[in-house]
Number of protein chains: 2
Amino acid sequence: MSLRYALLAVLTVEPMTGYDLSKLFQQSVAHVWNAPDSQIYPELRKMEAEGLLEGSDVPWGPRGRKRQYAISDEGREAFRLWMNEPIGYFLERDPAHLKAAYLEWAEPENARVILNEHKAHFTALLQDWTSRLIEINTLTNPLLVKRLEISSPKDHQKVVAFKRYTYEGLIARAEQEILWADRGLELLDSFETA
Amino acid sequence: MSLRYALLAVLTVEPMTGYDLSKLFQQSVAHVWNAPDSQIYPELRKMEAEGLLEGSDVPWGPRGRKRQYAISDEGREAFRLWMNEPIGYFLERDPAHLKAAYLEWAEPENARVILNEHKAHFTALLQDWTSRLIEINTLTNPLLVKRLEISSPKDHQKVVAFKRYTYEGLIARAEQEILWADRGLELLDSFETA
DNA sequence: AACGGCATGTAACGTGTTACATGATTTC
DNA sequence: GAAATCATGTAACACGTTACATGCCGTT
């Protein structure tokens with residue numbers, strides 16, 4: 001159910017096609033919310049049917065056309081409502097920690113691979129998030145710049161501060177996961193030498 | 001797909017009924033992997049059909065009966081295989097950070113509620129996880145004690161160390177989320193006084 | 001006999017994933 | 001003209017959630 005609000009969030013900046021959104025949700029937005037096109041296209045149509053979006057066919061080349069979606073007042077209001085609701089309680093489902101709890105079942109070399117991949121995964125995320133944070137701080141992120149252009153100047157500070165706050169939180173999480181993986185690798189070492 | 005391995009993990013200790021497992025997955029196990037009974041019962045039947053579990057009807061009172069599931073050699077092997085595989089790449093889907101990125105859309109008092117609930121959520125988890133860690137360190141967790149009884153003494157150290165490692169990681173994560181929520185509340189304060 | 005816990009399930013729905021399928025446009 | 005990218009979808013399946021439904025057991 002959050003997918004639609006993630007879509008609305010992006011569309012508050014400017015109208016986009018399903019393809020544009022699908023690109024975003026594989027690249028930058030993907031690190032907070034990821035979605036494949038096969039989920040995005042039907043969701044957009046549903047949202048248009050419900051009046052949250054207004055779709056229009058835009059010609060594209062001589063014969064081609066593409067459907068562009070603009071957020072409606074109703075959609076903007078739905079987004080605002082969602083933003084004022086508390087976050088739905090989320091249930092823990094954590095494959096990494098589930099697996100970590102039973103690592104004695106893995107061969108030591110495989111346990112090491114598992115933890116190294118955990119580390120690599122969050123190292124990659126850390127790099128992505130860090131460069132996003134730099135883009136925010138230097139106002140070089142295209143979407144953010146467009147968002148500022150359409151917002152009232154008195155809100156600029158808040159808009160930037162909350163994006164920064166988000167990425168700082170993600171970065172802290174990634175750093176913590178990397179530390180945790182390192183501690184696990186040390187633990188494995190201690191069993192090897194023992 | 002991890003649900004079945006979470007079930008297998010518990011069943012490596014001793015045979016249990018769907019009800020037993022469902023209790024565990026709402027209480028202790030729930031903080032690493034949660035599942036409702038409506039998901040557990042069908043999954044157990046599927047796993048029995050696939051030969052991972054051996055089910056047997058156990059009489060329960062004069063007329064009642066319950067189905068108890070024991071892990072089979074095949075099930076134990078499947079669990080071992082899974083434990084030696086890397087963790088499937090997981091995609092980011094984080095409602096809290098998604099919402100945080102657009103907090104300028106929420107009324108300040110609602111933003112405060114959102115962050116306070118985030119803090120309360122992780123504070124509750126932190127308490128649960130901390131008491132679980134104490135149970136591990138003092139060897140007072142019933143499942144862990146049973147697990148040690150059926151394991152070779154030379155593995156005891158590893159078994160305990162990995163459980164401790166898991167909960168230490170979860171605790172660190174909870175503490176980080178609480179800190180993050182606090183920083184967000186301070187940020188909101190700074191906008192109020194400004 | 002009433003109650004709380006034990007025990008097991010179905011049905012409907014929503015969400016998410018993977019694979020398949022097609023065709024136009026732009027760039028080289 | 002080949003390749004990369006733009007553009008949009010369907011179908012099948014897996015996973016997960018919520019609500020509903022039933023009935024026995026042990027205790028009071």
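Lettering of chains follows the sequences in order, A, B, ..., and the numbering in each one begins at 1.
For D:dG16, neither phosphate oxygen OP1 nor OP2 lies less than 4.0 angstrom from any side-chain nitrogen or oxygen of B:Arg93. Of the side-chain N and O atoms in A:Tyr41, none sit less than 4.0 angstrom from OP1 or OP2 of D:dG9. Put simply, A:Arg67 has no side-chain N or O that comes within less than 4.0 Å of OP1 or OP2 on D:dC6. Of the side-chain N and O atoms in B:Arg45, one or more sit less than 4.0 angstrom from OP1 or OP2 of C:dT10.
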Would you check, one step at a time, whether the test salt bridge (charged side-chain N to carboxylate O under 4.0 Å, His left out) holds for A:Glu85 with B:Lys99? CA-CA 10 Å; A:Glu85 270 169 21; B:Lys99 207 165 258 199; 5.1 Å; no
If you apply the rule ring pair (Phe, Tyr, Trp, His ring centres under 6.0 Å), what do you find for B:Tyr167 with B:Phe162, and how did you get there? CA-CA 9 Å; B:Tyr167 279 92; B:Phe162 288 130; over 10 Å; no
Check the pair A:Asp57 / A:Lys66 against salt bridge (charged side-chain N to carboxylate O under 4.0 Å, His left out), numbers first and verdict last. CA-CA 6 Å; A:Asp57 278 325; A:Lys66 55 186 183 177; over 6 Å; no
Is there a salt bridge (charged side-chain N to carboxylate O under 4.0 Å, His left out) between B:Arg112 and B:Glu107 once you walk through the steps? CA-CA 9 Å; B:Arg112 201 161 265 121; B:Glu107 297 302 319; over 6 Å; no
Would A:Trp33 and A:Phe25 satisfy ring pair (Phe, Tyr, Trp, His ring centres under 6.0 Å), going step by step from the backbone distance to the final call? CA-CA 7 Å; A:Trp33 203 273; A:Phe25 277 74; 8.6 Å; no
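Judged purely by atom type and a 3.5 angstrom limit, A:Lys163 uses its side chain to pair as donor or acceptor with the backbone of B:Ala101.
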All N/O contacts under 3.5 Å from nucleotides 26-28 of chain C to the protein, with atom names and distances to one decimal?
none

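Residue A:Leu133 forms a side chain to side chain contact (heavy atoms under 4.5 Å, CB included) with just one option from A:Asp128, A:Thr166, A:Ile171, and that option is A:Ile171.
A:Asp37 places its CG atom 11 Å from the C1' atom of C:dT18, with the value rounded to the nearest Å. Here C:dG14 presents its P atom at 11 Å from CZ of A:Arg4, a figure rounded to the nearest Å. Between A:Lys46 atom NZ and D:dG9 atom P there is a gap of 15 Å when expressed in whole angstrom units. Atom CD in A:Gln39 sits roughly 15 Å away from atom P in D:dT10 (whole-Å rounding). In this entry the distance linking CZ of B:Phe25 with P of D:dC15 reads 15 Å, nearest Å. The distance between atom CG of B:Asn34 and atom C1' of D:dC15, rounded to the nearest whole Å, is 13 Å. At whole-Å resolution of the value, CD in A:Gln26 and P in D:dT8 are 14 Å apart. Rounded to a whole Å, the CD1 atom of B:Ile40 is 11 Å from the P atom of C:dT8.
For B:Ser38 and B:Lys66, each mapped to the nucleotide of DNA chain C holding its nearest heavy atom, the one lying further toward the 5' end belongs to B:Lys66.
Ring-plane geometry between B:His97 and B:Trp180 is classed as parallel, the angle between the planes falling under 30 degrees on a 0 to 90 degree scale with a further cut at 60.
Side-chain N/O atoms of A:Lys23 and A:Tyr19 include a donor and acceptor closer than 3.5 Å.
Annotation: proximity of residues 8-20 of chain A to DNA chain D (heavy atom, distance under 4.0 Å) is found for A:Thr17, A:Gly18, A:Tyr19, A:Asp20, numbered in ascending order.
Nearest to the side chain of B:Lys23, among C:dT8, C:dC6, D:dG16, sits C:dC6. Each of D:dG16, C:dT18, D:dT17 was ranked by its minimum atom distance to the side chain of A:Pro36; first place goes to C:dT18.
Residue B:Glu77 qualifies as enclosed at atom CD: its count of foreign heavy atoms under 6.0 Å is above 12.
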